[in-house]
Structure formats: structure tokens, C-alpha cells
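Each remark here refers to the structure printed beneath this line.
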Amino acid sequence: MKIGYPCINESLPCTSSSTFRLASFSEERLLETTARNFACLENILEYNVAHNLLFFRMSSDLVPFASHKICTVDWQMHFKSTLEKIGRYIQNHGLRISMHPDQFVVLNSPKPEIVENSVRELVYQCEVMDLMQLESSAKLQIHGGGVYGDKPAAMQRFIETYALLPENVKNRLVIENDDRLYSLQDCLFIHEQTGIPILFDNFHHECLNNGEPMHEALALAAQTWQENDGILMMDYSSQALGERKGKHTDQIVEALFREFLLELRGLDLDIMLEIKNKEVSALKAVSIAREMGLLV
DNA sequence: GCCGGTCAAGGTCTT
DNA sequence: AAGACCTTGACCGGC
């Protein structure tokens, strides 16, 4: 088991997702910003290794506007050795890595242009991991997309678009159950048609499910991961008390996390804490998992 | 320096 | 039809 947090480390004085306005785009600005982002990423990874946080989600903004038409800069060539160096560090320390394109990546949109842009974004994020020479257990997680008033047709479009993706993207792409539209069962249907592994989100599952108890849901998701995908990845969160249903808590609720770990019943997986205070909650999660004998 | 409006991108739900 | 919300930090212009 590895535990981690997404993108931002609030204890460090740097960010790996600095960007700029599209209007200020220039080759120089892009290279300068990207260099700073990768330098900060190295700092974050070192912090993570020092604190036994061995699962990390890299920011989508490492290379600002990389998938935008405005960007003709050969950042791949420019940062080749930097990326290889970071990749070796990840490999040497046994870090598990993911990336999570945001809400604008929608593979099943009825609008071809949106699908094209989405694929470009996936290709960019995949390239970052490819250039780092990460194993196929480093993943790119997306949601099912929209429903557009006809879920079977929408799922069919996802399946058809998936089949057309470049091989390297397919090797890394995983689908995550969401809290309103695509349940675990929907993801399982898509998995059966495509082979795509399911990244399990416990909190989304609490919000939207078909009655599967937590352990059963975990087991169903786990069996969609093949040998070369690595073990199951999951996002962990819980409800923010007194807030709208589906709102993430801003700090880990330790009792709930303990309860959740009991549901694993020996299942091995990597846990990403999708909680606002980032590494602080992740560190608490590490100590709880240690207490319970799930982590050394 | 600090503040607050704004930022590439989508979809769903409410009014 | 238009606006809010999701979720979010950081940019950037205006003071």
C-alpha cells in the first residue's frame, strides 16, 4: 500500500503548476515557467520520499498550454533530460504516479472538436509520463463524461473513441466512477467493452451506487487491473459535515478513514487522499495505516 | 505591495 | 435562456 495526495504540497514554498494567461504566451515564458514547475516537482517528490508518501498525482499544468494550438514549442526535446532524471528518481524510490486531466477532457462529447481537444490533452499528459519512462502502472485518470440525455449512447461513444486512442494513451488510461453520472456499474460496463481499468473513488461511490457494500465495490474495481497496470488505485475522501452532499471534507476524518481501512480485508491498493489540506491529511493517513499494520 | 476580478477548455442543474 | 456550480490556485491589472 502507498498513500499520497494530489498535485500541491502546502508545506513547500514552490508550486509545480504555475501558469500564465494565454494572452502572455511566448516560447520564452513557456520554457521558463515549465523549468520552474519541473524543479518544484523534484522538490515535492523529495519531500514525499522523506515522509513516506509514495503515491503522487502530478499536476496537469506542468507544461502550460501544452495541448493548446498556440503551443508549437518543442518542450519534449527541451526537457528530455530533466524528465528522464525525474523518472529515474521515481523509479529508484518506488513512487506510484498518476495524472488527472480536469473536467474539460470529455471523450464522449457529441462535439468532435471537444473530443479532439480532449485527445490532445491526453496525449500531452501521457507524453510527460512516457518521457519520464514510467512503467505502465503510472496512470491517467478520467471520468466517463456527460450523459446528454441518453446514457447508453453516451457510453457507446466513450467506447468507440477509446478504441481510436493511441496505444500509449490506452496503456495508461483508467476510468474513475463519479458522484452523479457514471457509477461503478457504468464503469464496469465500459470496462467489459474496452478493458479499461477502474480507478475507485469511495466517496463518489457513497454518493452514487447500486447498493454494493464498500468491500464488494473495492473487489469489483480491483479485478479490472491487470498485472502490468499495477495494483488498484483509489481516491479517498469523505463528506464535509454540514455541507452539500458530495462536497469533500477539508481535513481527514480519522475515525472514518480507520473504518474504511477495515473494509479492505487484506486487499492491497494505493490510496490518494483527495482532501483539501493535502499532505497534512496524507501524513495522518500514513500514521493510521501504520498503526493498523497496513503500512511499514 | 495588496486586492479582487478573471482565467483555454464542459456539462448539469436550477431559476 | 441565463446563471450557478463543480473546484481552485494563481495570474495580472489596478490601486
Side-chain angles (χ1 to χ4, degrees), chain A residues 5-26 28-30 32-37 39-41 43-44 57-73 75 99-125 140-151 153-155 157-158 161 175-183 186 201 203-204 206-208 235-240 243-251 272-281:
Chain A
Y5 61 97
C7 306
I8 294 167
N9 183 306
E10 295 179 334
S11 311
L12 293 174
C14 68
T15 168
S16 64
S17 46
S18 67
T19 181
F20 46 83
R21 298 296 164 90
L22 182 58
S24 340
F25 188 96
S26 70
E28 191 189 12
R29 186 81 188 263
L30 177 90
E32 179 193 306
T33 305
T34 303
R36 267 190 290 131
N37 285 342
C40 182
L41 175 62
N43 292 342
I44 294 174
R57 181 185 300 163
M58 299 196 294
S59 164
S60 303
D61 288 330
L62 285 167
V63 188
F65 301 104
S67 71
H68 192 282
K69 290 204 167 73
I70 200 174
C71 181
T72 55
V73 182
W75 58 268
M99 294 180 83
H100 192 355
D102 66 22
Q103 60 192 334
F104 306 109
V105 170
V106 183
L107 285 188
N108 71 351
S109 172
K111 298 178 194 159
E113 196 183 321
I114 291 167
V115 178
E116 273 167 41
N117 291 342
S118 297
V119 173
R120 288 160 62 94
E121 179 67 17
L122 290 177
V123 165
Y124 145 62
Q125 298 197 20
L140 206 45
Q141 69 187 88
I142 59 167
H143 293 289
V147 165
Y148 315 95
D150 183 349
K151 198 188 251 185
M155 289 203 283
R157 278 199 303 279
F158 184 102
T161 302
I175 187 170
E176 175 191 351
N177 59 307
D178 67 72
D179 59 346
R180 290 177 309 142
L181 305 176
Y182 289 92
S183 67
D186 295 326
D201 186 309
F203 184 38
H204 293 163
E206 283 168 17
C207 296
L208 176 71
D235 286 345
Y236 176 87
S237 189
S238 61
Q239 176 66 42
E243 299 276 359
R244 172 192 58 81
K245 181 185 171 196
K247 180 145 176 74
H248 291 224
T249 179
D250 57 9
Q251 57 181 328
M272 172 76 52
L273 277 96
E274 273 197 328
I275 294 182
K276 198 177 170 65
N277 67 349
K278 308 289 176 187
E279 77 281 0
V280 175
S281 283

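Below, chains carry the letters A, B, ... as their sequence lines are ordered, and counting in each starts from 1.
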Legend entry - Interatomic distance at C1', B/dG10 relative to C/dC11, whole Å: 22 Å
Legend entry - Side chain of A/Lys276 - closest among C/dT8, B/dA8, C/dC6: C/dT8
Inset, instruction - Tell me which nucleotide among B/dG11, B/dA8, C/dC12 gets nearest to the side chain of A/Ser24. - result: C/dC12
Inset, instruction - Determine the interatomic distance between P on C/dT8 and the same-named atom on B/dC2; round to the nearest Å. - result: 26 Å
Inset, instruction - Write down the distance separating the P atoms in B/dA8 and C/dG13, rounded off to the nearest Å. - result: 12 Å
Inset, instruction - Check A/Leu273 against A/Pro6 and note the closest heavy-atom contact, atom names and distance. - result: O-CD, 3.3 Å
Inset, instruction - Rounded to whole angstrom, note down the P distance from C/dG9 over to B/dT12. - result: 25 Å
Inset, instruction - Could you check how far NE2 of A/His100 sits from C1' of C/dT7, rounded to whole Å? - result: 11 Å
Inset, instruction - Determine: side-chain N/O of A/Ser17 to OP1/OP2 of C/dG9, distance under 4.0 Å, yes or no. - result: no
Inset, instruction - Could you measure between the two P atoms, the one in C/dC5 and the one in B/dG5, and give it in whole Å? - result: 15 Å
Legend entry - Ring-base stacking, A/Phe104 with B/dA9 (5.5 Å, 30° cut-offs): yes
Legend entry - Check: B/dT6 base within 3.5 Å donor-acceptor of A/Arg21 side chain: yes
Legend entry - C/dC12 versus B/dA9 - spacing of their P atoms, nearest Å: 16 Å
Legend entry - Nearest-angstrom distance from the residue atom CD of A/Glu32 to P of C/dC11: 11 Å
Inset, instruction - Taking only the side-chain nitrogens and oxygens of A/Ser67, find out if one of them lies under 4.0 Å from OP1 or OP2 of B/dA8. - result: no
Legend entry - Between B/dG11 and C/dA10 - P atom distance, rounded Å: 27 Å
Inset, instruction - Measure from the side-chain heavy atoms of A/Glu121 and tell me the nearest of B/dG11, C/dA10, B/dA9. - result: B/dA9
Inset, instruction - Please determine, for the side chain of A/Leu22, which listed nucleotide (B/dA8, C/dC11, C/dT7) has the closest atom? - result: B/dA8
Legend entry - For atom NE2 of A/His248 and atom C1' of C/dG9, their distance in whole Å: 17 Å
Legend entry - G-U wobble or Watson-Crick pairing nucleotide for B/dA9 (cut-off 3.5 Å, both distances): none
Legend entry - Which nucleotide in B/dC13, C/dC12, C/dA10 has an atom nearest any side-chain atom of A/Arg29: C/dC12
Legend entry - Cation-aromatic face contact A/Arg29/A/Phe65, 6.0 Å, 45 degrees: no
Inset, instruction - Go through C/dC6, B/dT12, C/dC12 for me and flag the one nearest to the A/Phe20 side chain. - result: C/dC12
Inset, instruction - Report which part of the nucleic acid A/Ser118 touches: base, sugar-phosphate, or nothing (heavy-atom distance under 4.0 Å, all strands). - result: nothing
Inset, instruction - For A/Lys278 and C/dT8, give me the distance from atom NZ to atom P, rounded to whole Å. - result: 6 Å
Inset, instruction - Kindly compute the distance separating CG (A/Asp235) from CD1 (A/Ile275), expressed to the nearest 0.5 Å. - result: 10.5 Å
Inset, instruction - Go through the side-chain N and O atoms of A/Ser183 and A/Asp186 and say whether any donor and acceptor fall under 3.5 Å apart. - result: yes
Inset, instruction - Mind calculating the distance between CG (A/Asp179) and P (B/dG11) to the nearest angstrom? - result: 17 Å
Legend entry - A/Lys111 NZ to B/dA8 C1', straight-line distance once rounded to whole Å: 15 Å
Inset, instruction - Both distances under 3.5 Å, Watson-Crick or G-U wobble: report the partner of C/dT8, or none. - result: none
Inset, instruction - In whole angstrom, give the distance that lies between atom CD1 of A/Ile8 and atom P of C/dT8. - result: 8 Å
Inset, instruction - Would you indicate what A/Val147 reaches in the nucleic acid, counting non-hydrogen atoms under 4.0 angstrom: base, sugar-phosphate, or nothing? - result: sugar-phosphate
Inset, instruction - Select one nucleotide: of B/dT12, B/dG10, B/dA8, the one nearest the side-chain heavy atoms of A/Gln103. - result: B/dG10
Inset, instruction - Check every strand shown and say whether A/Ile70 touches a base, only sugar-phosphate, or nothing at a heavy-atom separation below 4.0 Å. - result: nothing
Inset, instruction - Would you kindly give the CG-to-P distance between A/Asp250 and C/dG9, to the nearest whole Å? - result: 11 Å
Inset, instruction - Assign A/Tyr148 to base, sugar-phosphate, or nothing according to its heavy-atom contacts below 4.0 angstrom with the strands shown. - result: sugar-phosphate
Inset, instruction - Please tell me which of the listed nucleotides, B/dC13, C/dC12, C/dC11, lies nearest to the side chain of A/Ser18? - result: C/dC11
Inset, instruction - Measure across A/Arg157 and A/Asn108 and return the closest heavy-atom pair with its distance rounded to 0.1 Å. - result: NE-O, 2.8 Å
Legend entry - Aromatic centroids of A/His248 and A/Phe203 separated by under 6.0 Å: yes
Inset, instruction - Using distance alone, with no hydrogens and no angle criterion, decide if A/Ser17 and A/Asn37 have a side-chain donor and acceptor under 3.5 Å apart. - result: no
